[in-house]
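Below is one structure, written out as structure tokens, with a few remarks after it.
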Amino acid sequence: MGVPLLDLKAQYATQKDEINRAVLDVLESQHFILGPQVKLLEQAIGAYVGSPHAVGVSSGTDALLVALMAEGIGPGDEVITPPYSFFATAGCPVRLGARPVFVEIEAHSFNLDPRCLEAAITPRTKAIIPVHLYGQAADLAPILEIAARHGIPVIEDGAQAIGTEYQGRRVGSLGAYGCFSFFPSKNLGGAGDGGMIVTGDEELARRLEILRVHGAQPKYYHRVIGGNFRLDAIQAAVLNVKLQLLDDWTSRRQANAATYRRLLDEAGLVVDLRQLNPDTLDMSGLKGVTLPWERPGDRHIYNQFVLRVDRRDELRAFLTSRGIGNEVYYPVPFHMQDCFVDLGHKPGEFTVSEVAASQSIAIPIYPELNVDQQQEVVAALAEFMS
Ligand SMILES: *Cc1c(COP(=O)(O)O)cnc(C)c1O
């Protein structure tokens, strides 16, 4: 039968009339850039993540870029990121002329390893970007503590983590800036590109708003150089409707994750972690899968459900031949990307990231996925591994 990785049409069907009406209202208003719908969304997202200020921008990538610009980051500066994330996390600092400094991830969470952070800090370090990958919070307490001790701002990359909680607080509200993406495949996805920056600091919020419109304040008077990083009214209108169902979708994703845990366990496919090297969780030579780790007490929003497997690329081909959606986030760590050869890194420098990049695979977890479909996914995994 086949199972897609994501089924946006199923989601649209549940809110079709409301979304269509919201888009038509914007068309009737002919007010397309920023405006009341964007203001509403900014207030709603600020309230949702528990941050007093929110600034709508053109994408999650631009959210990171504008936050870095607000910190005045440029040539000669260093920005710390994990080597295992979506490209924008490292691409944005480089676009501003800064050098990305990679800090290894934890194998169990796929997120920046706080134990490796302090050694990477130099007098040139101007920002730290922890990523909340797959919807699970990075271990922010030690990261924020180290950053504060060195006076370095933390820019949270929450693109995959809207509503994720760390020790009872929503991510994005803990660092100096929280960056979110409304790319259609994120938990809260628009009808195109969009993003949001949240901050607890009013002055930073004003700076972000000015940078969003070419640095103009007032209009046509420029003390700084910004860009066109504005959010469209149509995106905001759609997102204002979709935000009402976000918590419901998140619960369904969490329920689907619980179902996968049960089904994979019943199929005898779950590897005992004690069999693995605890530093890398390397699955080489082993049958089965590792399940995603959840930090106790935190809220994982399951933007992705990511397994570790041996023979990952063969499994991908097999699943794809059965019509089962899957994806690899991400196959090449930053230190091994062609565009970063100038940084002078070598394979073997970040082995935890390299193992993750070669063994991780995401399977369908979207809210509308049903148990029959999950059984089909697990049956295909079992068949491949038998
Ligand atoms: C999606 C994503 C981004 C970029 O967001 P866009 O809206 O696609 O520009 C940045 N970081 C991470 C971790 C992401 O997953």
Side-chain angles (χ1 to χ4, degrees), residues 5-6 8 38 41 45 49 54-69 79-96 100 102-103 105-106 109-112 127-138 140 143 154-164 166 171-172 175 177-198 208 212 227-232 234-236 238-239 242 253 292 300-306 327-334 337 353 356-357 360 362 365-366:
L5 185 64
L6 181 65
L8 288 175
V38 170
L41 182 71
I45 296 291
V49 305
V55 179
V57 291
S58 28
S59 68
T61 302
D62 288 342
L64 291 167
L65 189 68
V66 175
L68 291 163
M69 289 170 79
V79 175
I80 290 177
T81 82
Y84 183 74
S85 175
F86 177 64
F87 183 74
T89 315
C92 289
V94 176
R95 285 170 65 186
L96 296 174
F102 303 128
V103 168
I105 59 167
E106 304 169 323
S109 72
F110 296 100
N111 285 326
L112 193 140
I128 300 168
I129 312 182
V131 182
H132 306 301
L133 207 63
Y134 309 144
Q136 158 118 297
L140 282 175
I143 294 171
V154 169
I155 300 173
E156 294 179 64
D157 184 342
Q160 301 183 10
I162 190 152
T164 295
Y166 178 79
V171 302
Y177 308 83
C179 298
F180 296 100
S181 164
F182 304 125
F183 185 77
S185 70
K186 309 292 163 126
N187 284 30
L188 180 63
D193 281 309
M196 187 77 68
I197 313 167
V198 299
L208 296 168
R212 174 173 70 175
N228 173 0
F229 301 118
R230 297 176 300 235
L231 180 62
D232 288 343
I234 284 184
Q235 296 310 326
V238 169
L239 291 162
K242 293 186 74 174
R253 286 174 180 271
H300 190 325
I301 65 155
Y302 286 102
N303 179 241
Q304 302 296 341
F305 191 85
V306 174
E327 190 52 85
V328 170
Y329 306 103
Y330 297 90
V332 184
F334 296 151
Q337 291 284 1
S353 294
S360 65
I365 188 72
Y366 60 92

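Values below: all heavy atoms of this structure, side chains included; hydrogens, waters and symmetry mates excluded. Counting convention: from 1, in listed order, for ligands and their atoms alike.
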Check your understanding: Do the side chains of P292 and F305 get nearer than 4.5 Å, heavy atoms only?
Key -> yes
message: Between L231 and L41, is there a side-chain heavy-atom distance shorter than 4.5 Å?
response: yes
For atom 9 (O) of ligand 1, the closest protein heavy atom turns out to be T61 OG1, 2.5 Å
Between L6 and P184 the two heavy atoms that sit nearest each other are CD2-O, 4.5 Å
among protein heavy atoms, the one nearest atom 11 (N) of ligand 1 is D157 OD2, 2.8 Å
From the list V131, I301, L133, side-chain contact (heavy atoms from CB on, under 4.5 Å) partner of Q160 resolves to L133
The closest protein heavy-atom partner of atom 14 (C) of ligand 1 is K186 NZ, 3.0 Å
Is there a polar contact between ligand 1 and G60, counting only N or O atoms under 3.5 Å apart?
yes
_Quick check: D193 and ligand 1, any N/O pair under 3.5 Å apart?_
no
Taking only non-hydrogen atoms of A159 and a 4.0 Å limit, the atoms of ligand 1 in range are 2 (C), 3 (C), 10 (C), 11 (N), 12 (C), 14 (C), 15 (O)
| request: Fit a plane to each ring of F102 and F334, take the angle between them on a 0 to 90° scale, and name the class: parallel (under 30°), tilted (30 to 60°) or perpendicular (over 60°). | output: tilted
Within the structure, is a non-hydrogen atom of H132 found at a distance of less than 4.0 Å from ligand 1? no
Looking only at protein heavy atoms, what sits closest to atom 3 (C) of ligand 1 is F86 CD2, 3.4 Å
Quick note on ligand 1: atoms under 4.0 Å from a heavy atom of V131 include exactly 13 (C)
Requested in this report: Give a yes or no answer on whether the side chain of N111 reaches the backbone of Q136 with a donor-acceptor pair at less than 3.5 Å.
Outcome: yes
Query raised in the report: Sub-3.5 Å donor-acceptor pair from the side chain of R212 to the main-chain atoms of G56, do we have one?
Result: yes
Logged contact type for A63 with ligand 1, heavy-atom cut-off 4.0 Å, is neither
Residues passing the ring pair (Phe, Tyr, Trp, His ring centres under 6.0 Å) test with Y134, sequence neighbours excluded, are F110
### Query
Would you say S85 touches ligand 1, if touching means a heavy atom closer than 4.0 Å?
yes
